[in-house]
Amino acid sequence: MTEAKVTGKTRIICALTATSAAEMRLAMFAAADAGADAVELRLDYLQIPPGRQEIADLLAGAPVETIVTCRPTAEGGKFTGPESDRLAILANAVRLGATWVDVEAAVTPHYRPASSGRVILSRHDFKRCPPDLDDIMARLDGSEAAVNKIAFAAAGPQDALRAFDVLRKCHKPTLALAMGQAGLISRILAAKFGAFGTFAALAAGKESAPGQPTIAELVDLYRVKALTPATAVYGVIGCPVAHSMSPAIHNAAFAAAGMDACYVPLLIEPGEHDFRRFMDALLERPWMDWRGLSVTIPHKEHALSYVGAGNCDALAVKIGAVNTITIAPDGSLAGDNTDYAGALDALCAGMSITREGLADRRVAVLGAGGVARAIVAALAHYGCEVTVYNRTLQRGQRLAEEFGAASAGLDSLARLDAEIVINCTSVGMHPDVDSSPLEKIPPCVQAVFDTIYNPVETRLIRQARAAGCAAITGLEMFVNQAVAQFERWTAKPAPRDVMREVVARRLGASNSSR
Ligand code: NAP
């Protein structure tokens, strides 16, 4: 049989979990077509344990490198048969031309396949990052096997940083993976640290371990095939963070600008302690080349406190929230708030005025939450006469008083007297798409800005267009804040059209809603 060529680059390894040999073989070719450099044949998933002939048929003419694994239940796999049968399957796989076999470190050396040059010696911890990680890796690294593998559950992204420590320290080709959503960066950035490989699923729902991305995500979204040791790293901190559009926007922007940079999601649990623990761990590792962070709910206040008011934009300090951290090569931090900047720029562009042109304008801000706070602070700074209308009167009053604005209840909206209306409530947001915070738009109103971006064309925006007002959507604000982040981090003009296109496509909005 022909053996696939062994390559030295970081492989995208597609883990195949089909339950029949025929399906697994089909999936192997599909994975190669999708861009995988290797496949892991999880023989423990097969309903009928494979004999010699089945293994030979499965491996025959493999289009990419093959890793044969037959994980027992004790190590998180599905194989329930006798250990001697399992070891026979692995030994057969080596004889029949598997490029690699994965053998658990718990198997005593005497029982491991003789061809150690093809053995990946593996350790798994599905509960935590092992406290004795360095000792474990020293033992694996000193073994006769050709490749080390460690996979452990991540309690937070700081555990994924431990995986990079391992990659930097080991002398042999190594796989080091932090499992779970919090460990995702260990899978995305493996190539930056010269890992032997990183695992991916053929499609969502086909993962063989928690937190595995798909091949398409690794290749198209995170561009892992283009990563180099010098890749600059950026990311978004949030909880939840899985559905954030920021990785798609920023990675597309880096690609369009021809930059060696990658933007990743970082799931950090809500407490300030968790935020600080990650930031400390990150800054201890200057070799990560981490240059910037977007920060979203619930960590914007924590970001301000961590970076320190003295290192933050004055208006961000007034707002009490930092959504952008810039990390200089010497590790010093700067904090900004591009939410307010993105909103102001959207408003001014929609009205064809400068920020200074906002002075003395009468603005009605509907809502008193986080977004309203950023916008009210910015409008007050540029000299607007602001009235905050909020469902919960007290909350609206508190916000208004802090920034020298007036306040009123939603029932006062019937007597609205303003040139600009900005909706910062969630009224009209999916699935409540038939609602609008205003029954009708009074003639005094010249511009309506709805911060909601899902949907882009809210009922309020349609009302504004019908009334002949300038209509500014939340999509513009969203794109602007990402553009401002890109420019703050890179000091280069952002590829705005590319970024806008990504957001519009994700939201299913047409570009004609400009
Ligand atoms: P938040 O802190 O939870 O505040 C929500 C606000 O909406 C509060 O003032 C709340 O009033 C009000 N509200 C909620 N349900 C209401 C209802 N049924 N009737 C009247 N008022 C209601 O949320 P946020 O983070 O500020 O987000 C607010 C809006 O901004 C969201 O619609 C979101 O889509 C949008 N947003 C846009 C962007 C962008 O880039 N375009 C980014 C983030 C958020 P109470 O005080 O009475 O509860």
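Every heavy atom of this structure was used, including side-chain atoms; hydrogens, water molecules and symmetry mates were not. Each ligand, and each atom within it, is numbered from 1 in the order the structure gives.
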For ligand 1, would you mind listing the residues that have at least one heavy atom less than 4.0 Å away, ordered by chain and number?
Gly367, Ala368, Gly369, Gly370, Val371, Asn390, Arg391, Thr392, Arg395, Leu410, Cys424, Thr425, Ser426, Val427, Met429, Thr451, Ile452, Tyr453, Gly474, Met477, Phe478

Quiz question: by atom type and distance under 3.5 Å, do the side chains of His250 and Gln485 form a donor-acceptor pair?
yes

Judged by modelled atom types alone, do Asp336 and Thr338 share a side-chain donor-acceptor pair under 3.5 Å?
no

Qualifying salt bridge (Lys or Arg N to Asp or Glu O under 4.0 Å) pairs with a residue from residues 222-240, counting only residues at least two apart or across chains:
Asp37-Lys225

How would you list, by chain and number, every residue that makes a side chain to side chain contact (heavy atoms under 4.5 Å, CB included) with Asp274, sequence neighbours excluded?
Ile268, Glu269, Arg277

With side chains defined as the heavy atoms from C-beta onward, is the minimum distance between Leu333 and Asn311 less than 4.5 Å?
no

Go through the structure and list residues passing ring-ring contact (aromatic ring centres under 6.0 Å, His included) with His381, not counting sequence neighbours.
none

